[in-house]
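Because the structure is predicted, anything quoted here is derived from the model rather than measured. Values reported hereafter were calculated over all heavy atoms of this structure, with side chains retained and with hydrogens, waters and symmetry mates removed.
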Amino acid sequence: MIRKHSATLHGHRTSFSLEDAFWTELKAIASARGTSLAALISEIDDGREAGSNLSSALRLYVLKWLKDRN
């Protein structure tokens, strides 16, 4: 199921939609890296290409993380 989530990035509220599986993996990645979920989302937001949306950037980050582990 796709759910809307909200986060504060650099003092501004934003929202994004993610499937539950991606949300679960993002939380696991943040835990594995010893960082907060908000900090991880902010890092991904800062690194995304101009014009791309945050939801897609989060999904691609999770995909890359999982592929790099194998």
message: Please give the remaining members of the hydrophobic cluster of Ile2, linking ILVMFWY side chains under 4.5 Å, ordered by chain and number.
response: none
query: For Ile44, which fellow cluster members are found when Ile, Leu, Val, Met, Phe, Trp and Tyr are connected by side-chain heavy-atom distances below 4.5 angstrom, either directly or through intermediates?
result: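 Cluster partners of Ile44: Leu9, Phe16, Leu18, Phe22, Trp23, Leu26, Ile29, Leu37, Leu40, Ile41, Leu54, Leu58, Tyr61, Val62, Trp65, Leu66.
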message: Considering only residues two or more places apart or on different chains, which pairs with a residue in residues 22-42 satisfy salt bridge (charged side-chain N to carboxylate O under 4.0 Å, His left out)?
response: Arg33-Glu43
message: Whether Glu19 and Arg3 form a salt bridge (side-chain N of Lys/Arg under 4.0 Å from carboxylate O of Asp/Glu) is what I want to check.
response: no
Taking only residues two or more places apart in sequence, or in another chain, which ones meet [X] in a side-chain hydrogen bond (donor to acceptor under 3.5 Å, both in side chains)?
| X | answer |
| --- | --- |
| Arg48 | Asp45 |
| Thr8 | Arg13 |
| Lys67 | none |
| Ser17 | none |

- prompt: Residues in side chain to side chain contact (heavy atoms under 4.5 Å, CB included) with Ala21, at least two apart?
  reply: none
message: I'd like to check the side chain to side chain contact (heavy atoms under 4.5 Å, CB included) partners of Asp68; sequence neighbours left out, ordered by chain and number.
response: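 Per chain and number, Asp68 pairs via side chain to side chain contact (heavy atoms under 4.5 Å, CB included) with Lys64.
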query: Does NE2 belonging to His10 count more than 12 external heavy atoms closer than 6.0 Å?
result: yes
